[in-house]
2 protein chains.
Amino acid sequence: MSDLLERLRGRGWRMTAQRRVVAEVLDGEHVHLTADEVHMRAVVKLPEISRATVYNTLGELVTLGEVLEVTTDRRAKRYDPNAHRPHHHLVCAGCGQIRDVHPSGDPLADLPDSERFGFKVSDVEVTYRGLCPTCATTA
Amino acid sequence: MSDLLERLRGRGWRMTAQRRVVAEVLDGEHVHLTADEVHMRAVVKLPEISRATVYNTLGELVTLGEVLEVTTDRRAKRYDPNAHRPHHHLVCAGCGQIRDVHPSGDPLADLPDSERFGFKVSDVEVTYRGLCPTCATTA
DNA sequence: ACCAGAGCTTAGACTCTGTCTAAGTCAATC
DNA sequence: GATTGACTTAGACAGAGTCTAAGCTCTGGT
């Protein structure tokens with residue numbers, strides 16, 4: 001993700017301060033931020049950046065495959081900068097934190113033809129749920 | 001799900017016309033309805049039933065483990081009456097239809113301890129995405 | 001059968017995410 | 001440096017879901 005700006009420029013992106021800031025925020029911490037959290041962090045670096053621009057930019061990054069959208073609950077979408085290494089997610093039911101995980105085995109291969117109903121299956125998403133160490137002891 | 005009302009009464013549920021209607025709607029068709037669709041179908045049988053009651057009742061059914069919440073996109077949650085048989089979901093990226101599927105293999109077993117970060121992992125949710133036969137030919 | 005009151009239901013206001021719009025601004029090219 | 005279309009902005013809007021305050025009603029006790 002370090003040469004992200006280069007890659008984006010190569011794809012014909014007009015390079016603006018706003019887009020640079022959003023990219024930097026995602027590049028900075030390797031966590032799963034909501035659009036709003038990205039916005040809050042972006043505002044620190046560029047106070048006049050608007051919510052709409054953050055949404056737009058995140059959407060573009062997703063379309064370009066540079067960032068992944070993660071939907072673990074009905075609350076906000078989260079954005080995962082780790083788009084270039086396939087992985088799944090482990091979510092804490094208590095505090096909502098998300099970790100990337102790499103299970104062995106291929107769930108796609110585990111779906112027999114008879115269970116595909118003629119679908120062209122292209123993707124699997126696996127979400128593990130549980131309690132993180134902190135929430136497990138508190139609860 | 002046929003003796004659902006019995007079970008609910010056994011758990012101390014006060015039996016009201018509204019709850020009966022919501023349970024009947026879920027019992028009726030084995031599809032994955034949104035809360036709003038449940039409401040629309042419920043209104044046919046009991047015109048004065050309110051949206052809030054449908055939401056409340058669905059929430060209670062989920063808490064009791066009689067119904068599963070399915071979140072496949074950023075749109076509405078869907079409710080799956082098939083809560084007593086473990087299964088996963090296959091979602092069409094085109095039209096959004098959902099089918100229950102039963103993969104072989106256990107994704108929970110595929111998550112090594114080293115990838116659990118001390119979490120007490122209790123549940124996995126697998127969502128296959130693809131195109132249904134109709135959408136695959138149209139697209 | 002009747003009463004009391006906890007529990008349920010209601011309408012509508014509210015919140016939270018996210019999208020859209022119209023007007024203004026600016027990066028990249030000439 | 002001027003031009004222009006892409007980008008950004010503020011704020012209005014929309015969809016899904018939650019909350020609240022007031023009123024009803026189911027159920028258990030008399």
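Atom set for the values below is all heavy atoms of this structure, side chains included, hydrogens, waters and symmetry mates excluded. Letters A, B, ... are given to chains in the order of the sequence lines, protein chains preceding strands, and every chain is numbered from 1.
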Taking C/dT10, D/dC26, D/dA10 as options, the one with an atom nearest any side-chain atom of A/A52 is D/dA10
Salt bridge check, A/R7 against A/E66: does any charged N sit closer than 4.0 Å to a carboxylate O?
yes
* Parallel under 30°, tilted from 30 to 60°, perpendicular over 60°: which one fits the rings of A/H87 and A/H89? -> perpendicular
B/L61 CG to C/dC8 C1', in whole Å, measures 14 Å
Ranking A/E48 and B/M15 by the position along DNA chain D of their nearest nucleotide, the one closer to 5' is A/E48
Whole-Å distance, A/I49 CD1 to D/dC7 P, equals 14 Å
Here the distance between atom C1' of D/dG15 and atom NE2 of B/H39, to the nearest Å, is 16 Å
Rounded to whole Å, the CG-P distance (A/D73 to D/dG17) equals 12 Å
*Is any side-chain N or O of B/R19 closer than 4.0 Å to OP1 or OP2 of C/dT9?*
yes
*So does A/E125 pair up with B/R129, basic N to acidic O under 4.0 Å?*
yes
Among D/dT9, C/dG18, C/dC26, the one nearest any side-chain atom of A/R14 is C/dC26
Closest of D/dC26, C/dT10, C/dG18 to the A/K77 side chain is C/dG18
### Query
Using a cut-off of less than 4.0 Å, is there contact between a side-chain N or O of A/R75 and OP1 or OP2 of C/dT15?
no
Side-chain donor/acceptor contact of A/R51 with base of C/dG18 under 3.5 Å | yes
Between CG of B/N56 and P of C/dA11 the distance, given in whole Å, is 13 Å
Picking from D/dT9, D/dT18, D/dC26, the nucleotide nearest the side-chain atoms of B/Y55 would be D/dT18
Closest to the 5' end of DNA chain D, once B/Y79 and A/S50 are matched to their nearest nucleotides, is A/S50
*With a non-hydrogen cut-off below 4.0 angstrom, is A/T53 in contact with a base, only sugar-phosphate, or nothing?*
base
When rounded to whole Å, the CE to P distance for the pair A/M40 and C/dT17 reads 10 Å
Among the nucleotides D/dA10, C/dT17, D/dA16, whichever has the atom closest to the side chain of A/R74 is D/dA16
Atom CZ of A/R20 and atom C1' of C/dA27 are separated, to the nearest Å, by 10 Å
Nearest heavy-atom contact between A/P86 and A/H102 is O-CD2, 3.6 Å
* Asked: Under 4.0 Å: is that the gap between some side-chain N or O of B/Q18 and OP1 or OP2 of D/dT25?
  -> no
**Message:** Under 4.0 Å between a side-chain nitrogen and a carboxylate oxygen: does that hold for A/R41 and A/E24?
**Reply:** no
Taken to the nearest whole Å, CG/A/L8 to C1'/C/dA28 is 17 Å
